[in-house]
Amino acid sequence: MKLFISLAFITLPLAILAQQKFEREDRIKDASVPAQALAFIDSTKVDSRIKWYQEESHLGITIEAKFKYKKSRYSIEFDSTGIIQDIEIEIKTLPKAVLERMNKELDSVFNKYKFQKIQLHYNGSEAVLAGVFEQEDMSNRLNTYYEIIIKGWELKTPKLYEITFDDEGHLIKKIHIIQRNSDNLEY
Amino acid sequence: MSTNLIIFLSALLVLFTNDIKSQSQRRIGTLPSINVNKKLNDAWELNFKIESRQFLLQEEAGEDDDLQFKYALTDFSILSARKVGLNSKIIGGYLIRIEPDEAAHRFIQQFTLVQKIRNYRLAHRLAMDQTINKDEPSEFRFRYRIGMEFSLNGETINNKEFYLKLNNEYLNSIQEAVYDLEVRMIPLIGYNITDTNKLEFGIDYRIDSFIQKNTRNTFWININWYLRI
């Protein structure tokens, strides 16, 4: 009986596999990064330590470079061949008019909300995106969006959302973020 | 080898090479557990846990003892949790401890808070429990545990990936007006089969009774299974 219980502890967890959306992120070495992506980083003359990641989902594979530059956190996304897709920069403040517009939009969706993280999101051609590291404000030359992580109350229980706004603060998309299970930390 | 794995192996090495034999009691055993969690709605969930202890070695101070397997006890508990914030819960429940010759009843109250900090998670657990046993005085404990969990590869823990978890807990106990402090250090390697199905393995080191100069060191080989249904 005790042997059976011991074996159950070891084998049963492996047999119970739930169906889940496939998403995966792995750290990769420079040698695994497409040459075009490495060349783009070199062209920007960013001298920070770069961490490279490969992200795999049902949409395909992307390569991401993450680093700190001029006290801000950057994330540059490339497709699997190394062609740049977009640049995200974590920022702390928003232009006043944009923030006012955002608050108006959020007031119509949530009873209460709190900003947790703000990212400025640029996409455009490779040549123009390279200018992000030389000029502070590229919003007039690139497609600019804001991605905000918000703790919001639609009903009584707060949830985490990723909300995309255009460059004027109009709400484009709202996604509920499902957080990772923390049973092994709470019990 | 990743930096996090080096830290984990160093923690294990420190625990096992500490010379504790001559001045204290020493116990070694296994501590397997199954945790099953069930969400009832957005605010409430239930936790069922079975945890068992088996001794492999029990040494008194200054004495040698041979390795021998001895079943000690099994705990069955049920807790209900109410979400009170985005990442915080108030939890309460009951545990029954079944030993070969006796049983004890424990009432549990907890508050937990989990913080996501870039590429790791930090968890705080404040707990109180009251243990009642017809043959022993009641024991009242106040506990604080801090835990950290981080990936061994990348910023997030993917399915079918290993991770590290480090717990450190302090248990203040009062029994018949006598105070004791127990300190626990628990380094574990976990395997994330899926987000709702995790296995963990490691050492649960406990030191207690050192205030009364009757130090007892216990090393549990910890095997945990967390399942959410």
Side-chain angles (χ1 to χ4, degrees), chain A residues 1-2 5-29 51-57 64 66 68 73 75 90 112-114 116-117 149-161 176-187, chain B residues 2 30 32-37 41-43 45 47 49 52 54 69 71 79 81 83 85-87 89 91 110 112-114 116 118 121-123 125 147-149 151 153-161 165 167 188 190-200 223-229:
Chain A
M1 181 63 179
K2 285 176 185 169
I5 291 171
S6 305
L7 285 174
F9 268 106
I10 295 162
T11 58
L12 269 177
L14 298 171
I16 300 172
L17 294 171
Q19 289 288 330
Q20 292 210 340
K21 183 178 160 191
F22 176 64
E23 267 182 4
R24 161 165 210 112
E25 177 225 54
D26 293 292
R27 180 95 185 261
I28 57 175
K29 295 192 171 144
K51 290 184 184 176
W52 292 95
Y53 298 87
Q54 177 174 289
E55 293 190 354
E56 211 175 324
S57 72
E64 209 160 337
K66 294 188 181 181
K68 226 174 164 179
R73 291 184 188 272
S75 172
E90 206 172 309
K112 202 166 74 170
Y113 56 89
K114 193 175 171 184
Q116 305 255 309
K117 184 172 151 185
I149 307 292
I150 282 178
K151 179 174 160 182
W153 284 255
E154 281 183 308
L155 297 167
K156 284 186 184 173
T157 321
K159 290 181 183 173
L160 215 55
Y161 298 89
H176 170 217
I177 297 173
I178 297 172
Q179 297 189 86
R180 279 191 55 239
N181 177 12
S182 53
D183 294 340
N184 64 318
L185 290 167
E186 291 164 335
Y187 295 102
Chain B
S2 80
T30 57
S33 73
I34 301 175
N35 260 280
V36 179
N37 292 281
N41 53 44
D42 271 353
E45 66 181 40
N47 168 267
K49 183 175 174 182
S52 178
Q54 301 81 31
F69 181 90
Y71 169 77
L79 301 175
K83 200 168 170 171
L86 184 64
N87 294 306
K89 294 177 184 163
I91 301 167
Q110 292 177 4
T112 62
L113 172 68
V114 179
K116 171 96 173 65
R118 289 247 167 247
R121 294 199 292 181
L122 200 62
R125 188 180 80 172
M148 259 179 75
E149 176 204 72
S151 168
N153 172 32
E155 290 189 346
T156 56
I157 299 171
N158 301 305
N159 290 347
K160 297 190 176 62
E161 216 170 63
K165 189 172 93 174
N167 278 346
L188 298 160
Y191 186 65
N192 194 59
I193 301 166
T194 66
D195 192 46
T196 54
N197 190 354
K198 301 173 197 205
L199 270 176
E200 294 177 347
I223 307 165
N224 304 322
W225 178 26
Y226 293 90
L227 180 65
R228 181 164 276 266
I229 56 173

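Naming convention: chains lettered A, B, ... in sequence-line order (proteins, then strands); numbering from 1 in each chain. The structure displayed is predicted, hence computed values, not measured ones.
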Interface residue of largest heavy-atom contact number with chain A, from B/Arg121, B/Glu149, B/Arg228, under 4.5 Å: B/Arg121

Exam field: side chain B/Asp195 to backbone A/Arg180, donor-acceptor pair closer than 3.5 Å: no

With a 4.5 angstrom heavy-atom cut-off, which part of B/Ile91 approaches chain A: side chain, backbone, both or neither? side chain

At a 4.5 Å cut-off on heavy atoms, which part of B/Lys89 comes close to chain A: side chain, backbone, both, or neither? side chain

Do B/Asn87 and A/Gln179 pass the side-chain contact (heavy atoms from CB on, under 4.5 Å) test, and can you show the C-alpha distance, the side-chain angles, and the key distance before you say yes or no? CA-CA 9 Å; B/Asn87 294 306; A/Gln179 297 189 86; 3.2 Å; yes

When the 4.5 angstrom heavy-atom criterion is applied to A/Tyr53 and chain B, the contacting part is side chain

When rounded to the nearest 0.5 angstrom, what is the spacing between CD in A/Glu25 and OG in B/Ser151? 7.5 Å

As an exercise: rank A/Thr157, A/Asn184, A/Leu185 by heavy-atom pairs under 4.5 Å with chain B and give me the winner. A/Asn184

For B/Asn224, is it the side chain, the backbone, both, or neither that has a heavy atom closer than 4.5 Å to a heavy atom of chain A? neither

Does the distance from a Lys or Arg side-chain N to an Asp or Glu carboxylate O, for A/Lys159 and B/Asp42, drop under 4.0 Å? yes

Does A/Asn181 offer a backbone N or O that forms a donor-acceptor pair with the side chain of B/Lys198 under 3.5 Å? yes

Do B/Glu155 and A/Lys51 meet the salt-bridge criterion of a basic N to acidic O distance under 4.0 Å? no

Side chain from CB out, backbone as N, CA, C, O: work out which of these in A/Lys66 comes under 4.5 Å of a heavy atom of chain B, or both, or neither. side chain

Ignoring hydrogens, what is the shortest heavy-atom contact between B/Tyr226 and A/Tyr187? Give both atom names and the distance. OH-O, 3.8 Å

Least distance between heavy atoms, A/Pro158 atom then B/Gly85 atom: CG-C, 3.8 Å

Could you walk me through whether B/Arg118 and A/Glu90 pass salt bridge (charged side-chain N to carboxylate O under 4.0 Å, His left out), step by step? CA-CA 13 Å; B/Arg118 289 247 167 247; A/Glu90 206 172 309; 3.0 Å; yes

Can you list the residues that meet the side-chain hydrogen bond (donor to acceptor under 3.5 Å, both in side chains) rule with B/Lys83, with sequence neighbours excluded? none

I need the residue from B/Thr112, B/Thr156, B/Leu86 with the largest number of non-hydrogen atom pairs under 4.5 Å to chain A. B/Leu86

Does a donor on one side chain and an acceptor on the other come within less than 3.5 Å for A/Glu186 and B/Asn37? no

Sequence neighbours left out, what passes salt bridge (Lys or Arg N to Asp or Glu O under 4.0 Å) with B/Glu200? Give chain and number order. B/Lys165

Start with the C-alpha gap between B/Glu45 and A/Asp183, add the side-chain angles, then the distance that decides, and say whether side-chain contact (heavy atoms from CB on, under 4.5 Å) holds. CA-CA 11 Å; B/Glu45 66 181 40; A/Asp183 294 340; 4.1 Å; yes

Under a 4.5 Å heavy-atom cut-off, does chain A meet the side chain of B/Leu113, its backbone, both or neither? neither

